[in-house]
Amino acid sequence: MLFLKFVLAMLPILWLIVSLSGLKMVGYKACLIALLMTMVLAIGYWKLNFVCTMTAGLEGVLNALWPICLVIVAALFTYHLTLKTGAMEQIKQMLASVSCDKRVLALLIGWGFGNFMEGMAGFGTAVAIPVSMLVAIGLDPMRAVIACLVVNSTPTAFGSVGVPTVTLGSVTGLDSIELASSIALIQCILTFLSPFFMVCICGRGIKALKGMIATTLIASLSFTIPWFLAAEFMGPELPDIIGSICSMVGIILAVKLLHKKEDKEYAITLSKEQRHKTIGISDGVKAWSPFLFIFILLIITSTLCPIIHNAIAGIKSEMVVYAGDNGNVLSFSWVNTPGVIIFLSAIIGGLIQGASFFDMGNVFTETMKKYWKTIVTICSVMAIAKIMGYSGMISEIAHVLVVVTGSFYPLIAPLIGALGAFVTGSGTSTCVLFGELQSQTALSLGLSPSWMAAANVLGAGIGKMVCPQGIAIGASAIGAVGSESKILKGVFRYFLFYVVIAGILCFAGSIIGL
């Protein structure tokens, strides 16, 4: 009976894996079928009544629309507006003044700037915006999205100014600074390796590291060391932000000092006029203005600036959508949410760049037309997650894994986190789903609760590589909606490597008593 429940609970997840990777089905269609399958199982086998099932799904849809889809649409709108105004061409030229090497730019944008976006905003911005920029400067679209999905796995725990870790602390009752320390320790090896993977993926193999080892090492260490120290001594809010700023500075200095010789195989394509055209400070600020405003507004509305943050934090609506017992309170922040801030930044930046409101309206309309399938995909996945959670399907899966593995449970603890992220697409939601399970299991096995909770959020970041929601964001960013199966196939080997290493690290740490 236990095994039957496990198999039935896994059916929607197995369907998504098979349909996306084996059948190569379009993402939104596969997710809609998985949603229907989940509803039938919840009502027919888990005896969740029809009203509760529908309201659970509605909660997921509303949660997907605000703030997740809002952020994604805002990020893509920002990118397309910079294309419309011509600012992206100027940004491309300015980046080329740092280096014309695609590998260097992949590190600067995908690793440094991507980690900064994760630390500040999260919710898919660390994939949508860097991928769009990398494609605009000439990187292979599929490789750009795979690389960004891979490297976005490690900053997840401290994303959105530390929200996943703070949430994990509130769910488990553990101190957030102690948790941040454990998370930094369990993640540091994979964090260190991530930029090397980025270079190899964007450069079409390990040969791309030739002439790039020193620069990549600096990019890695200049992020990992400040990131680790910030987590150890300051808590979960600032590691990604501090680490990414240090890394971007480190990459630029490394290029100027060490990477002076241009490798034509990896050079971005620029006309002779573009190569020799100098962009002034005022034009440069104008070109970067949307992203500068994103940075400024996210900083001043975050907990780092409590006066403004506290003043606008209360501008929100709260409601319980789920009709059954213990329904979650949905909170809709109407001002202090990354999507609104990114939209506002894009509009201000667009006006500075000379775009009219009519132009912006056209760009927004085209963005919605182009990416509606992504919105359907994400809404479907979030509805699946809520129905599985309320019906007990997710806890059933986790319970069986705990029973089967016993004392070897630490080996699969990150896998449980990855499973949660595959279903929800969110590090924060995964912490809510499985954080308490991981810490309580640790206590029953005589292990450190903070170490096992850290394993959960590590797994959550890894799971985001392959979750349909994240893959849909990536497909949208490269303008290839419908290519989800190809992206999943490309990223899956890295997912397996990361989850295996994560399991070994978790098990080793549990043995030595971390």
Side-chain angles (χ1 to χ4, degrees), residues 75-76 78-80 82-83 87-122 124-155 159 191 194-204 208 212 215-216 218-220 222-223 240-241 243-256 259 266-270 274 279 284 287-292 294-295 298 342 345 349 473-474 476-479:
L76 293 170
T78 303
Y79 167 67
H80 285 292
T82 59
L83 288 180
M88 188 52 69
E89 278 302 309
Q90 291 184 311
I91 289 171
K92 180 179 177 180
Q93 291 171 45
M94 292 175 72
L95 290 170
S97 70
V98 176
S99 175
C100 287
D101 194 310
K102 293 178 182 179
R103 300 167 298 175
V104 172
L105 295 175
L107 286 174
L108 186 62
I109 299 170
W111 170 246
F113 185 64
N115 284 349
F116 175 78
M117 290 306 303
E118 181 64 32
M120 291 303 307
T125 55
V127 174
I129 292 178
V131 167
S132 301
M133 293 175 71
L134 289 173
V135 172
I137 62 173
L139 265 73
D140 177 82
M142 194 60 61
R143 291 185 176 276
V145 71
I146 290 170
C148 286
L149 284 169
V150 170
V151 301
N152 187 233
S153 60
T154 47
T191 301
S194 286
F196 291 92
F197 280 112
M198 175 144 238
V199 171
C200 291
I201 294 168
C202 292
R204 300 178 180 273
M212 278 290 296
T215 302
T216 310
I218 290 170
S220 178
S222 61
F223 176 85
D240 284 351
I241 298 169
S244 59
I245 292 172
C246 291
S247 186
M248 286 188 281
V249 172
I251 291 166
I252 292 171
L253 291 176
V255 170
K256 297 302 180 185
H259 196 81
Y266 301 105
I268 60 172
T269 304
L270 290 173
Q274 287 176 320
I279 296 176
W288 280 96
S289 58
F291 304 103
L292 292 173
I294 289 173
F295 170 69
L298 284 173
I342 293 170
S345 302
I473 293 169
S476 298
I478 61 174

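Sequence positions, counted from 1, serve as the residue numbers for this chain. Side chains are part of it too, since the values below use all heavy atoms of this structure and drop only hydrogens, waters and symmetry mates.
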Nearest 0.5 Å, please: how far is [atom2] in [Y] from [atom1] in [X]?
X: I146; Y: I478; atom1: CD1; atom2: CD1; result: 8.5 Å
X: I129; Y: I294; atom1: CD1; atom2: CD1; result: 4.5 Å
X: S244; Y: E118; atom1: OG; atom2: CD; result: 10.5 Å
X: I109; Y: C202; atom1: CD1; atom2: SG; result: 10.0 Å
X: F197; Y: S153; atom1: CZ; atom2: OG; result: 9.5 Å

- Query: How far apart are the C-alpha atoms of R103 and M198, what are their side-chain angles, what is the distance that settles it, and do they pass the side chain to side chain contact (heavy atoms under 4.5 Å, CB included) test?
  - Reply: CA-CA 8 Å; R103 300 167 298 175; M198 175 144 238; over 6 Å; no
- Message: For a quick test of reading the model, state the closest non-hydrogen atom pair linking N152 to A126 and the distance between them.
- Response: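 Residues N152 and A126, closest heavy atoms: ND2-CB, 3.3 Å.
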- Nearest non-hydrogen partners of M94 and G284, listed with the distance: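 Distance-wise, the nearest heavy atoms are SD-CA, 3.6 Å.
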- When you check the gap from the basic side-chain N to the acidic O, do D140 and K102 get nearer than 4.0 Å?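 No.
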- Task: For R143 and I201, indicate whether the former's side chain and the latter's backbone hold a donor-acceptor pair under 3.5 Å.
- Result: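 Confirmed, R143 side chain pairs with I201 backbone.
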- Would a distance-only check, ignoring hydrogens and angles, find a side-chain to backbone donor-acceptor pair under 3.5 Å from S247 to G243?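 No, because the side chain of S247 does not come within donor-acceptor range (under 3.5 Å) of the backbone of G243.
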- Task: Any chance you could lay out the side chain to side chain contact (heavy atoms under 4.5 Å, CB included) test for F223 and N115, step after step, and finish with the verdict?
- Result: CA-CA 9 Å; F223 176 85; N115 284 349; 3.5 Å; yes
- Query: Between the side chains of S194 and W111, does any donor sit under 3.5 Å from an acceptor?
  - Reply: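 Distance-only check fails for S194 and W111.
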For residues [X] and [Y], determine if any side-chain heavy atom of one lies less than 4.5 Å from a side-chain heavy atom of the other.
X: C148; Y: L134; answer: yes
X: M248; Y: L108; answer: yes
X: V104; Y: I251; answer: yes

- Task: Would you please test L107 and M212 for side chain to side chain contact (heavy atoms under 4.5 Å, CB included) and show each step?
- Result: CA-CA 11 Å; L107 286 174; M212 278 290 296; 3.7 Å; yes
- Query: Under the side chain to side chain contact (heavy atoms under 4.5 Å, CB included) criterion, do T78 and S345 qualify, and how do the steps go?
  - Reply: CA-CA 8 Å; T78 303; S345 302; over 6 Å; no
- Please state whether the rings of F291 and W288 are parallel, tilted or perpendicular, taking 30° and 60° as the class boundaries.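 Perpendicular, since the angle between the ring planes exceeds 60°.
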